[in-house]
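Worksheet for the structure shown next.
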Amino acid sequence: MLEGLPPAQGSDATETQYENAGRLGGKLGRFLLSSEFGLLLLVVLAFAGFWLSTRGFSSPFNQFGLSRSAAVNILISLSMMSVIVSGGLDLSIGAIGVCASILAGWLMEACRWPAPASVAVGLALGGLLGFANGQIIVRTGMHSFVVTLATMSVFFGGMIILTTAKPFDSLPDDFSLPAQQHLFGAVSPLLVYSVLIACMMAYLYRLTAIGRDMLAVGANARAALLSGISASRAVTLCHAMAGILAAVAGVMLSMRNGAAIPSMAGNLGQDWLLPAFLGPVLGGASLSGGRVSVLGAVLGAVLISVINNGLLLLHVGAFWLQFFLGMLLLGAVMIDKARMRVFASGDRR
Amino acid sequence: DANSTKVAIVAGGPHPYFASWPQAGKDAARDFHLGAADYKVPQSWSLSQQNDLIESLASQGYNAFLVFPGDPAGSRNVVGELVDQGMPVIALAGCLQDPSKAAFCFATDTEHSAYLGAKELIKAMGGKGRIAHFTGFLTDPGTALRINGVKQAVAETNGSVELVQTIADIDAPEPAQDKINAFLATQGKQVEGIIATAWIPATVAATALRKIGDKRIHMIGLNDDPIILEGIKDGYVTGTMLQNPYGQAYIGSYALGKLMSGCKVKTDAPWLKTPQTTHFVDSGTAYVGASDLANYQDKMQGVTKDILASFQQKYLDCP
Amino acid sequence: MSPALDLSEITKSFPGVKALRGVSLRLDPGSIHALLGENGAGKSTLIKIITGAQSPEGGEICVSGKPVCFANPLQAIEAGIGVVHQERNLIPRFSVGENILLDRIASASLRPINYSAVHDEATHWLRLLELDIDPRRLVSELNVATAQMIEIARALSQQSRILLMDEPTASLTLSETQALFRMLRRLRDQGVAILFVSHKLEEILELCDAVTVLRDGGNACLSRPLAGMSRSDIVSLMIGRAEPIPDLGRNQRTDLPVTLSLASVATLGGHRDIDLDLRSGEIVGLYGLVGAGRSELARAIIGLDRITHGEIRIDGAPVSIGSPREALHRFGIGYVSEDRKQEGVILSHGVLANVGSTVWSRLRGWFGFLRDATVIRLVAPVLSALEVKASSLDQLVENLSGGNQQKVSLAKWLAAGTRVLIVDEPTVGIDVKTKAYFHQLLHKLAREGRAVLVISSDMPELITLSDRIAVMDHYRLVGKFENSGDYGEMSHAIMAYIHAAPPTASLKSQNSAANAAAT
Amino acid sequence: MTATLRLSSDWLGLAILTLGGAIFLSVLRPDFLSSYNIFVLLDAIALSTMIALGQLAVIALGQTNLSLGSIGGLVGVAFAGAMQAGGVAPWLAVLLGLALGLACGLINGLLTARAGISAFVITLATLAAYKGVNLGLTQAQPLYDIPAVVKAVGTASISGPVPVLLIPAAIAVVFVWCLFDRIPLGRQILAVGANQHAARLAGISVSRAVIATHALSGLLAGAAGMMAVARLQVGQPTIGDDWLIPSFTAPVIGGAILSGGYVSVAGAVWGVALVVLITQALVLFQVDPYYVQFLLGLLILAAVGVNRFRSKRQTKAV
Ligand SMILES: Nc1ncnc2c1ncn2[C@@H]1O[C@H](COP(=O)(O)OP(=O)(O)OP(=O)(O)O)[C@@H](O)[C@H]1O
Ligand SMILES: Nc1ncnc2c1ncn2[C@@H]1O[C@H](COP(=O)(O)OP(=O)(O)OP(=O)(O)O)[C@@H](O)[C@H]1O
Ligand SMILES: [Mg+2]
Ligand SMILES: [Mg+2]
């Protein structure tokens, strides 16, 4: 439509120039500076460190356990991340995850439904609860903190009323099978599922219109609205997605435990909160919204799992372990900061 | 043989209940010539953390486990995995939900203990009146058992005792303070008895009764927390239901040593049945009132000795 | 006499750009010095370096003959350098007075603030700028122009010997600009050295004594006296050749089909009896004083404010537009906001993510699949035409120069290719050359059959662009007429309409009086 | 006038809701107005307010302090331990406790300001570190030997139903309110929270504001930890474990903007009062334990929703 316009003189800013500039220029340099690369480095460092310094870290048994807890951690991180995108947060993901897996457990145990159908309904419930969060936030204009704080109680409390806090523990064998299988002797299939889901999310944010809408709304809701993007739809979808991902994490945990248990994420599901935030934040997500990294969140979650596992194996004084956990985390982020400084100064020359 | 037995005694999370477990483990390792009997505690009270800890302990070479189940159903899988690899597990201080691969459950019978406590309370109240029940997290399956136990004792009075209110989810200091104080302030006059079946509610309620100086209300607590013992001494607390944590870890380590040296669990032993399991061994519970304060520890040591003396022939088949 | 400020060979680079490649400048006391250049030439970067907001990579800064090196803005303030940055730097939930004296609060620590003293002093500085605002009001309640004046008042309150002003007049109207100029001249006569950046060359010619021109991060001329230089001399220094003077033909046909029409529209915001037709193929200019309600009318059209009476028709059929999304995707109406930082662009996202935001849902394929290449194919020509100066399509918009940010906010609507385009203050902060291109572009769009509504406080721009002009005052349309293109005639006609309207608020009538006096 | 009205609108709705709820409760349950119950309410409000203020300060800066509860717990056990094991006089132990809280906060602040890493990550790491020190020192065992005078402070009242513990809370409220209302340092913190870049350009030292805020937050958390010890009469290592979410709840209900730049001390205090009241109402009506959590959530949602609706209507009317 703009052909025929006199091209701006003195500027040959053509299509190809913008294309090349955007795609290739300094791509490697930018990756070296990114928090994803830093995390990758840290994960490798931690992995190598524990591999060499502890007995048992390298054993297939331990690697299997590690991959299984990393799988759940990754999903919890991704769940929170999908709300952080929109500039909000969701305190109720733990409650949603528990509710979803309890529903699936009930369907399998009390209604004798086959496992896949029950899981599907459980995930649908997760999506629905997340959707409800999103709708309340969008329609009332309240901050997601307050809304999800309240719905955390409502969801969890509702589940407690309906189940009187009883677990569903005679689930069919084929349900918990994925948590028991070993790939290559040392990897849980759950990790593969988590990575697949992460890939789908990366696809969403990079290669779909709705993913871009979510990012735009998170970064600046007013600007997005004025560009013809429906902010309320994007926010609702973010929350619904968080609900589904939390449900997947919940179902995975109950596969691992062989039972759907109200307490598996702590009281009100609050045990999930800190790991949920830590993954994305380490991965470079901005808590004010609009900037996330799927790879970063995955690596962040993996780093936490590795550090946790390694420290348990290191035999550091029982009660002091948390102290070392904190120190290691501090050390990790400091190292990362130093790396940025080194690469940044190298970049400037 | 026993020497190669490395026992890990795994708690549910940091909690004063487990205070005597490290010593009990050391004593057992010495007395029964075990390779080790080490106390291990997850960093926080969370099932996932406990599972991670257990897995890493297995990687570290521990080969026999006393586990306080983070969850009766949720801990079955991790226990099953240990047993499948030839590591015996005994559920300690709490049970796994049947069917499980644990050898047996060695614990306080919580429902029974709550029932006995409520009975004592009713007795102290002269067989009639109204009571309130303070207990822990609803998501803790023990909580439902305790609620049942108290309800049963109340039901047996045929209406002369009424359970006015059950307050749950207060196993943390701040909510316990807020809710128990609010209850005593607004409804304290309407009850004559309180039973607390969780540790923090028990201490908070004892403190609150002391604060308002009310000796009219009878109260039964849990465990031998100094606050509760003081309360008993000064007359603010009627009595407390003791458990036997030391004996649990000590005898549990002993049993694992036996299992590792070839003994088998008897199928026809005099197992007790609880709602959770058909393989239950009571680790002992005792009511301590004002008159027992001086010698309650001897009482528990006696219980431990008794259980240990007959343990092998009652529950195990040894070559 | 040593110069108040002497810069030599300042260099600065950002990832992917060399913003300054050895710039020198000499600022004498008692003079107003113009700093000019195209968008992205490096003017704002230079000012940030002088004030310690950014650190130079090379070169020397001397204040009153002594070399200095400011590690942070506080040191610059203490050294007697006051500044008005291009971007607004106010704290929205603070009062006007506190914002004006913020640097005073910044250097205090525990002694309680005496707010009545703060507000009294703030009133003093507001008076000097002929502003009648209660210093207790919150800044968040102010419009863009007033916020800009508050920042100027803040710079004045520092009573510095060196005053740097980066496009202070970008969102001001004539009366406020005149008040500012009176103030600046007074300061100059008291010996203050003033550096003044603007893209409005008329202002430069009226106010300044000397000029430094930057081109691509280097000096195109260094501290030259302005006397004797003409507009076209300056332009050719800025762009390296003579400015092409656009000659835009005017549409005088009335038989064009009406695309968008408002029929006795009233809004919740307070508009009454608005009747306006936008024909396909014409540009309508909407003029009014600040606060006349033009932007609010545009917002009501795209569904951000409720229409309480009357109707909006598209191609003759009454429609109800519920949201900007509907406006864009169902009715093909686009709106370029006047507030580019809050509403126009997403500062923390890249150029491509900004420009593409209006077209994603149109370009998406199955399952919402959308590749960058698809978007680039559509938006790259627009970016080229507007000469958006970015190191890459991924460069964050917050790192672009102010003018280039504005171009991005325009580009995304040009890419959207809507049938109706409403542009609100479109050329704020845009350099003369791009402004001319942009005008041509709007004309071309109109000739292709689109309907364009231009809201602008820049009267020359409005008269250059429009086929017809509508004048708004106090949320009513007070006049509509064909544009003859003759500036003198048209501006008189416009002001006459504004005066004919019954004044209701004293501030607004004051404004109009000042405006009339100015023209 | 208009300004004060608009400012008050943050907490006016909450105040009306809370007082309305209180009247409702006292009509249905006369015991509600008994001297002891008012004491209990104020006692709960005192501690929760202290916790809320500790977070509120950091919210003003646009950051979070996840280690708040961890500092409270550490200072609590250190306070109890100093008196029990070290034989330190109670007043000195209070000072030591405050100093320890301040130091923990300072560490948070210094790391955040100097390393340029988000406060979220830093305080999450120190959350674990402080908790680890707490558990490592106590081995998760409570400290019981609290001097009688401390126990007395935890239970005494100044007069009638006003608990002694309300004094430190009231001092903190007045102090924090003054700070954010008229002390330059507080205004600097708010300016940094609203727009860090603009604050820097105006000559505000961002790192000083960050360090001061975190130090203040640590100080308040430490004070809250010691109040909890006095109230509980035990040096519980678990003190603070459950503070995190409540610490955010009251400020956010009270109108604070989580991204920084605006907080309302009065709003936060009324938010605390509202939550305490709802908690008590659920006890008062002898709600079945299985329904408590569910109703708590619904009531919070309803209360905040009503408040929000009211303020929305008000802004429309203006
Ligand atoms: N923080 C930054 N990061 C990267 N690039 C930057 C940054 N700040 C400025 N630039 C680049 O430096 C160049 C000069 O920008 P500057 O803002 O000084 O231009 P300007 O002359 O003020 O333009 P305008 O008239 O549009 O305001 C631009 O190309 C801009 O993209
Ligand atoms: N003098 C004023 N003081 C305070 N607020 C004002 C004033 N004038 C307008 N406003 C409000 O500020 C907002 C933006 O004003 P703005 O000047 O952009 O309105 P407008 O009519 O679109 O002006 P313009 O004609 O410049 O586009 C509107 O909500 C308006 O009501
Ligand atoms: Mg600029
Ligand atoms: Mg406008």
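Numbers restart at 1 for each chain; the letters A, B, ... are given by sequence-line order, proteins then strands. Quick caveat: nothing in here was measured; it's all calculated off a predicted structure. Basis for what follows: all heavy atoms, side chains included, without hydrogens, waters or symmetry-related copies.
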Side chain, backbone, both or neither: which part of [X] has a heavy atom under 4.5 Å from chain A?
| X | value |
| --- | --- |
| D:Leu66 | side chain |
| D:Thr249 | both |
| D:Leu299 | neither |
| D:Tyr130 | neither |
| D:Leu295 | neither |
| D:Tyr291 | both |

Which atoms of [X] come close to chain D, meaning under 4.5 Å heavy atom to heavy atom: side chain ones, backbone ones, both, or neither?
| X | result |
| --- | --- |
| A:Phe277 | both |
| A:Leu149 | side chain |
| A:Met159 | neither |
| A:Leu328 | neither |
| A:Ser288 | neither |

If you tally heavy-atom pairs under 4.5 Å against chain D, which of [options] wins?
| options | value |
| --- | --- |
| A:Leu325, A:Thr164, A:Asp336, A:Leu91 | A:Thr164 |
| A:Ser153, A:Gly157, A:Gly87 | A:Ser153 |
| A:Leu268, A:Val147, A:Leu287, A:Ile136 | A:Leu268 |
| A:Ile161, A:Thr151, A:Leu329 | A:Ile161 |

Rounded to the nearest 0.5 Å, how far apart are [atom1] of [X] and [atom2] of [Y]?
| X | Y | atom1 | atom2 | result |
| --- | --- | --- | --- | --- |
| D:Asp241 | A:Gln270 | CG | CD | 11.0 Å |
| D:Leu124 | A:Leu282 | CG | CG | 8.0 Å |
| A:Leu274 | D:Leu127 | CG | CG | 6.0 Å |
| D:Asp242 | A:Asn267 | CG | CG | 8.0 Å |

Between chain A and each of D:Gly116, D:Ser118, D:Ala129, count heavy-atom pairs under 4.5 Å; write down the option with the most.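 Winner by heavy-atom pair count: D:Ala129.
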Specify which of D:Gly132, D:Gly62, D:Ala302, D:Ser259 makes the most heavy-atom pairs with chain A at under 4.5 Å. D:Gly132
Is the closest side-chain heavy-atom distance between [X] and [Y] below 4.5 Å?
| X | Y | result |
| --- | --- | --- |
| D:Gln293 | A:Val154 | no |
| A:Ile160 | D:Phe294 | no |
| D:Leu137 | A:Phe319 | no |
| D:Ile257 | A:His143 | no |
| A:Met334 | D:Leu111 | yes |

What are the two closest non-hydrogen atoms of A:Phe145 and D:Ile245, and how far apart are they? CZ-O, 4.2 Å
What's the shortest heavy-atom distance between D:Val133 and A:Phe323, and which atoms?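 Taking every non-hydrogen atom into account, CG2-CD1, 3.4 Å.
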Atom CD of D:Gln196: over 12 foreign heavy atoms under 6.0 Å: no
